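Each chain gets a letter, A, B and so on, in the order its sequence line appears, and its residues count up from 1. Being a predicted model, the structure only gives us computed values, none of them experimental.
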2 protein chains.
Amino acid sequence: MDPRGGRREPTMRDVAALARVSTKTVSRVINDLPGAGPEVVERVREAARTLGYRPNLTASSLRRSDRRSATIGVLFEDLSNPFDAALLRAVEDHARRHGVLVLAGSSEDDPALQRELLASLATRRVDGMVVMAAGGHQDALQRERERGTPMVLVDRPPTFDGTDSVTTTNRDSSRDAVLHLAGRGHRRIAFLGDRQTLWTSCERYTGYLEGLAHAGLTLREDLVRTDLHGPDAAETATAALLDRHEPPTALFTAQNLVTVGAMRALRDRDLHHRVALIGFDDFPLADMLQPGVTVLRQDVPALGRRAAELVFARIDGDRSEPTHAVIPATLIHRGSGEIPPPADGTR
Amino acid sequence: MDPRGGRREPTMRDVAALARVSTKTVSRVINDLPGAGPEVVERVREAARTLGYRPNLTASSLRRSDRRSATIGVLFEDLSNPFDAALLRAVEDHARRHGVLVLAGSSEDDPALQRELLASLATRRVDGMVVMAAGGHQDALQRERERGTPMVLVDRPPTFDGTDSVTTTNRDSSRDAVLHLAGRGHRRIAFLGDRQTLWTSCERYTGYLEGLAHAGLTLREDLVRTDLHGPDAAETATAALLDRHEPPTALFTAQNLVTVGAMRALRDRDLHHRVALIGFDDFPLADMLQPGVTVLRQDVPALGRRAAELVFARIDGDRSEPTHAVIPATLIHRGSGEIPPPADGTR
DNA sequence: GTAGATTACGTCAACGTTGACGTAGGAGGA
DNA sequence: TCCTCCTACGTCAACGTTGACGTAATCTAC
């Protein structure tokens with residue numbers, strides 16, 4: 001039971017010796033290639049079985065002409081975030097159908113770490129990558145792409161040309177959410193968002209602005225809080241907004257952790273039944289809270305599937321123009337987004 | 001921008017030619033080994049930079065004596081489950097410190113799929129594995145282990161000898177939960193659990209029995225529902241329990257999805273403020289529900305860290321006796337577990 | 001001044017596998 | 001009968017890298 005204690009993985013040579021054939025013949029049998037007679041096939045199979053032989057994909061992919069490692073890299077922001085986790089799972093499912101395994105990493109939205117992980121993947125010669133680009137410069141991604149590595153960006157599009165992407169209707173859905181609130185009579189709708197270096201945050205903010213404009217509301221910059229990273233920052237910011245003398249009657253929270261923080265602040269002040277809330281990204285149990293939390297739900301399985309389809313197409317040599325797939329998000333009415341503003345306009 | 005369109009990754013030979021040295025010298029420079037003069041080092045570095053050379057770990061690990069692929073395999077039940085995702089992240093963090101990447105897969109608690117993924121990992125010659133064993137026979141795992149592959153089982157211990165494991169105090173914590181409920185005066189405490197083929201489910205059930213026994217309560221088998229896979233099954237089962245003429249006054253739900261299902265049933269009947277509930281596994285927003293959900297929280301970061309430490313120790317040749325680490329879970333009081341039984345003993 | 005050690009390289013083969021190509025023997029056709 | 005084609009193998013080299021070993025030049029010590 002030692003780690004590889006004294007043992008050595010059997011090789012084709014061992015199998016060949018036992019079956020009294022050449023290694024090439026073993027190769028043919030293992031890979032189901034023609035050119036081996038039935039009894040030889042049986043002899044080789046038998047020998048492989050008794051020795052417990054398993055092919056070495058490392059050596060194989062080194063020598064093969066296609067050079068495939070049957071492995072793709074997945075670089076997301078944080079694999080423990082439910083959104084990222086669900087996306088990983090979706091990609092993994094499709095990869096499995098292609099006989100491909102997934103090397104996964106969390107870049108923590110840190111360009112340096114992302115660069116490092118990218119290099120690690122490259123060093124392992126993955127066949128392709130599915131990447132959630134970290135904020136800031138994408139030059140490491142671009143360089144990798146320019147070397148010809150098949151790559152699909154998810155959740156955030158590339159800032160450079162020639163690369164496929166799969167994103168959500170961030171802007172349009174955000175606008176719809178704001179219009180939904182405005183339609184209920186809200187006039188003071190706050191925006192709470194994650195870092196503005198993230199493309200999704202900017203898009204959602206733009207959608208918010210568009211929504212205000214469509215509804216004929218004027219932007220009040222004092223109701224906008226951005227660069228809230230994590231629930232704690234969101235909670236503090238929301239608290240500050242709510243404690244103003246003219247507080248918002250509705251909140252649009254543009255990221256799942258921000259939504260959580262905002263909800264905490266609302267609850268602390270017992271305002272969760274009086275201030276409307278719509279969050280971007282669904283989360284488990286959103287329907288069990290009181291009131292249920294109205295959210296924009298991204299179609300995560302579709303995002304993952306599309307991303308996987310695109311990488312595999314590129315890996316298989318598809319050279320058509322880059323695709324920028326956009327998957328619609330849906331507004332799920334659960335109650336919090338349907339709270340009307342107070343009749344007197346104050347609260 | 002084609003996939004590897006016409007290009008070829010530069011190799012050591014290319015670098016060697018440009019720097020007018022032997023490939024061996026390039027190897028020395030790339031790996032920071034002694035035996036290269038300062039100006040040669042600079043020339044090689046320069047050449048590598050201009051060519052965009054990146055070492056091929058595949059070829060390297062094939063040739064090296066230690067045979068390390070700097071990759072470990074992680075085989076969990078479902079990477080999109082928050083518990084699994086958090087665990088993956090914890091393992092990944094520690095792996096990164098060792099310069100190791102993670103090949104991740106979901107076995108869906110299906111032994112056949114697990115066996116297949118195991119073979120895939122083996123074929124790629126991972127240095128070690130962290131596995132959440134699928135229910136049923138573990139013979140595929142055992143065979144892999146007997147070949148000498150460093151392996152650590154998480155969440156569920158091996159049914160065979162000689163393998164490290166990291167688990168939670170399933171039994172003791174479950175007992176504590178039941179005692180906590182009994183201490184509030186509950187006498188009809190129901191058990192709702194996942195498949196009994198899962199070791200954790202059995203342990204938690206045993207803990208439940210121990211708790212009843214310690215509290216001097218008799219087991220009422222009509223209050224026990226097992227083999228509930230997923231929230232829907234749990235909801236149905238809970239509903240049936242609650243609709244009995246002598247319904248339970250408290251529920252112990254032994255898995256996170258079961259807890260969710262039970263909560264839905266309670267809410268449907270508006271009993272969530274009257275029937276006590278303790279769930280195994282914490283989940284996001286458990287504190288935001290009304291009442292807050294009392295749970296047994298597993299120390300996921302500790303589980304992941306310990307698992308990673310153990311695999312890496314084995315990979316580094318540690319041959320000491322197998323370790324079976326047990327990480328304590330904590331009872332988090334949030335309200336639902338502190339609801340007393342109705343005064344009249346009915347409801 | 002010379003034995004001996006040290007430094008800075010180079011050469012060669014091998015890791016496990018497969019592509020290119022060779023060959024012996026038999027089948028089939030003219 | 002002889003030529004061709006096909007089948008079932010085998011041989012060899014190469015994928016990109018590194019361990020083992022060789023060697024020439026330089027340095028150290030007495």
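- A salt bridge links A:Arg45 to A:Asp32: at least one charged side-chain nitrogen sits closer than 4.0 Å to a carboxylate oxygen.
- For the helix from C:dG1-D:dC30 to C:dA30-D:dT1, the rotation axes defined at the first and last 5 base pairs enclose an angle of 40°, given to the nearest 10°.
- In this view, B:Ala302 and B:Asp299, B:Arg305, B:Ile327 satisfy the side chain to side chain contact (heavy atoms under 4.5 Å, CB included) rule, not counting sequence neighbours.
- Residue-level contact check: A:Ser22 touches the bases, meaning some heavy atom is under 4.0 Å from a base atom.
- Donor-acceptor pairing under 3.5 Å is lacking for the side chains of A:Arg125 and A:Ser61.
- Residue pairs meeting the ring pair (Phe, Tyr, Trp, His ring centres under 6.0 Å) criterion with at least one partner in residues 97-139 of chain A, sequence neighbours excluded, are A:His98-A:Phe312.
- No hydrogens or angles considered: nothing links the side chains of B:Thr200 and B:Arg156 as a donor-acceptor pair under 3.5 Å.
- In terms of the ring pair (Phe, Tyr, Trp, His ring centres under 6.0 Å) criterion, B:Phe83 has no residue partners (sequence neighbours excluded).
- Residues satisfying the side chain to side chain contact (heavy atoms under 4.5 Å, CB included) test with B:Thr11, not counting sequence neighbours, are B:Arg8, B:Arg13, B:Asp14.
- With sequence neighbours excluded, the residues forming a side chain to side chain contact (heavy atoms under 4.5 Å, CB included) with B:Ser320 are B:Arg314, B:Asp318, listed by chain and number.
- Not a single ring pair (Phe, Tyr, Trp, His ring centres under 6.0 Å) links B:Tyr53 to another residue, sequence neighbours left out.
- Between the side chains of A:Glu92 and B:Ser106, at least one donor-acceptor pair of N or O atoms lies under 3.5 Å.
- Side-chain polar atoms of A:Thr25 and A:Ser22 form a donor-acceptor pair below 3.5 angstrom.
- Heavy-atom contacts of chain A under 4.0 Å fall on DNA chain C between two terminal nucleotides, which in 5' to 3' order are C:dC15 to C:dA20.
- Within residues 27-37 of chain A, the residues that place at least one heavy atom under 4.0 Å from DNA chain C are, in residue-number order, A:Ser27, A:Asn31.
- Mapped onto DNA chain C by nearest heavy atom, B:Val26 and A:Pro10 fall at different nucleotides, with B:Val26 at the one closer to the 5' end.
- Here ring pair (Phe, Tyr, Trp, His ring centres under 6.0 Å) pairs that include residues 105-132 of chain A, with residues two or more places apart or in two chains, number zero.
- B:Thr11 comes within 4.0 angstrom of the backbone, heavy atoms only, and of no base.
- With sequence neighbours left out, the side chain to side chain contact (heavy atoms under 4.5 Å, CB included) criterion links B:Arg68 to B:Asp66, B:Asp127, B:Ile315, B:Asp316.
- Residues of residues 61-68 of chain B having a heavy atom closer than 4.0 Å to DNA chain C, listed by number: B:Leu62, B:Arg63, B:Arg67.
- The 5' end of DNA chain C is approached more closely, in terms of each residue's nearest nucleotide, by B:Arg20 than by the other of B:Arg20 and B:Ala59.
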